[in-house]
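Lettering follows sequence order; numbering is per chain, from 1.
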Number of protein chains: 2
Amino acid sequence: MPESHPAPHRFPVTVDVVALTVRDGELNVLLITRLIEPFKGKPALPGGFVLAGEDLQEAAVRELAEETGVERLPGYLEQLGSYGPKGRDPRGDVLTVAHLLLAPDFPVLAAGSDAEHAAWYPVTEVPELAFDHARILDDALERAKSKLEYSPLGAAFCGEEFTIAQLRAVYEAVWGTRLDPRNFHRKATGTPGFLEDTGRMTTGDAGRPAALFRLAPESRPTAGHPARAVLNPPLMRPRNGAAG
Amino acid sequence: MPESHPAPHRFPVTVDVVALTVRDGELNVLLITRLIEPFKGKPALPGGFVLAGEDLQEAAVRELAEETGVERLPGYLEQLGSYGPKGRDPRGDVLTVAHLLLAPDFPVLAAGSDAEHAAWYPVTEVPELAFDHARILDDALERAKSKLEYSPLGAAFCGEEFTIAQLRAVYEAVWGTRLDPRNFHRKATGTPGFLEDTGRMTTGDAGRPAALFRLAPESRPTAGHPARAVLNPPLMRPRNGAAG
DNA sequence: CCAAAAGTGTTTTTAATACACCCATGG
DNA sequence: CCATGGGTGTATTAAAAACACTTTTGG
């Protein structure tokens, strides 16, 4: 930190959120349609300016709540990285701090209230985005993929309680691969500190009922400690080619 | 990004750099001593305000150059994360974007020019730091450790050419463990896309001369693509306890 | 009774670890 | 010729991948 005797330059700062969920076996991202210039009418990541006195994460939660109509945000939120400030907003230099939300499928306000209209898009069918949001989304997807390997955060896509098959569907959707149900079952239930059996079972579905699990206490992210437990050995994602 | 009709609040933004190197088998961090308030006389991470028209990485490189007297920065620089803006600077809300530099041991300007006095400190002997820099340093160390597992960036601590033993010393210093020289040698040389034999050998040291390697082209970080290649399978760091 | 999905056991293959041993130099 | 570190080969152990099979529900 500096001595710079002249007053330092001050930047407008925004937060943007890449909210991901799994619906129908596909990874989806939450996008809004911009109601004003610049990029009016274009889809973009939800977000907005950080207010005086606000912290970054606070601002991210507030903006997401405003733009989806959801007050109590589900899932797991972490910082992704900062972009700019140079040349990413036609209005001038704006620094943005991107965030990543991994959440169970939650309903967004169908028609826009005062805010912009938000909706889920499969990540394979994302239209052209405003600002540098395409790049931010790319970075977020890569981050999400590696998060699943080394942390218990795959469960952030599920509700409180879930079956191993539901959890596996998350991994398959995020990684875009198929996983052997039997090996995945063993790996997930056999990793110490990952899952906890609720004792309860599903009912009503086709086939044999499945046991319901929840995240083990030591794997639940708590305020201050983003994602505490580490999956070791990792739940390896199948790699296609060689390194490089 | 927002519609907010009132003008958005503007924040001073700083960059801070956690510059790490390995000297005498120990991981070291570069610290400056503050010449002005706040925290005058206290050690801190090098950094300073982002100027109008500057990008984050540009600002980080400039500040580091100013405070160390080194114009052409060696090593690998990446963004670590953003902190604040609330309550981390007594002068008011300042957002800081922390960066991580992994570099070969380079000499810093001994006595302060106009700038603050910079010096290397073993990470095991870091004094109390200004601002929230202790937390930033902790995050940087954790990031550096995991970087070494999954990316070829261990070599960023070495010069252009290095021996396997030098590379191993880096891993041992960063991870704080001992590694079997023979298994490490096989793993490092056997990982496709990691190292490239220069054909040249060391000479003058005790013992048998060692082959000199450099990073393979596909593993060298390029502008825009921070760290391209992935080490797969990873160069595993020995874990002590179980997960959790 | 059949289909569908859950869950367990077993074999095969691969990679990590441990460690014996030889190689090439400086003193 | 011996100490020092570089480099290779090999046995042992652990884990990942592949897949046969049993269990428990709904129709």
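For the helix from C/dC1-D/dG27 to C/dG27-D/dC1, the end axes, each set by the C1' atoms of five terminal pairs, are bent relative to each other by 0° (nearest 10°).
As judged by a 4.0 angstrom heavy-atom cut-off over every strand, A/Asp205 is placed among residues touching the sugar-phosphate backbone only.
Side-chain contact annotation: B/Glu26 with B/Thr124, donor-acceptor N/O pair under 3.5 Å present. Side-chain contact of B/Thr96 with B/Asp16: a donor-acceptor pair under 3.5 Å is present, judged by distance alone.
Going from atom NZ of A/Lys187 over to atom P of D/dA18 covers 14 Å, rounded to whole Å. Atoms CG (B/Leu179) and P (C/dA18) sit 11 Å apart, rounded to a whole Å. Atom CG in A/Asp180 sits about 15 Å away from atom C1' in C/dT13, given to the nearest Å. Rounded to whole Å, the distance from CG on B/Leu167 to P on D/dG5 is 18 Å.
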Indicate for each nucleotide in nucleotides 3-10 of chain C, in 5' to 3' sequence, whether protein heavy atoms under 4.0 Å reach the base (B), only the sugar-phosphate (S), or nothing (-). -BBBBBBB
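Residues B/Leu20 and B/Val174 form no side-chain contact, since every pair of their non-hydrogen atoms from C-beta on lies 4.5 Å or further apart. Residues A/Leu64 and A/Leu73 have side chains in contact (heavy-atom distance under 4.5 Å, counting atoms from C-beta outward). A/Cys158 places none of its side-chain heavy atoms less than 4.5 Å from the side chain of A/Pro104.
Relative orientation of the B/Tyr171 and B/Trp175 rings is perpendicular, given thresholds of 30° and 60° on the angle between their planes.
Judged purely by atom type and a 3.5 angstrom limit, A/Gln79 uses its side chain to pair as donor or acceptor with the backbone of B/Ser82.
Atom CZ of A/Phe157 and atom CG of A/Asp105 lie 11.5 Å apart (nearest 0.5 Å).
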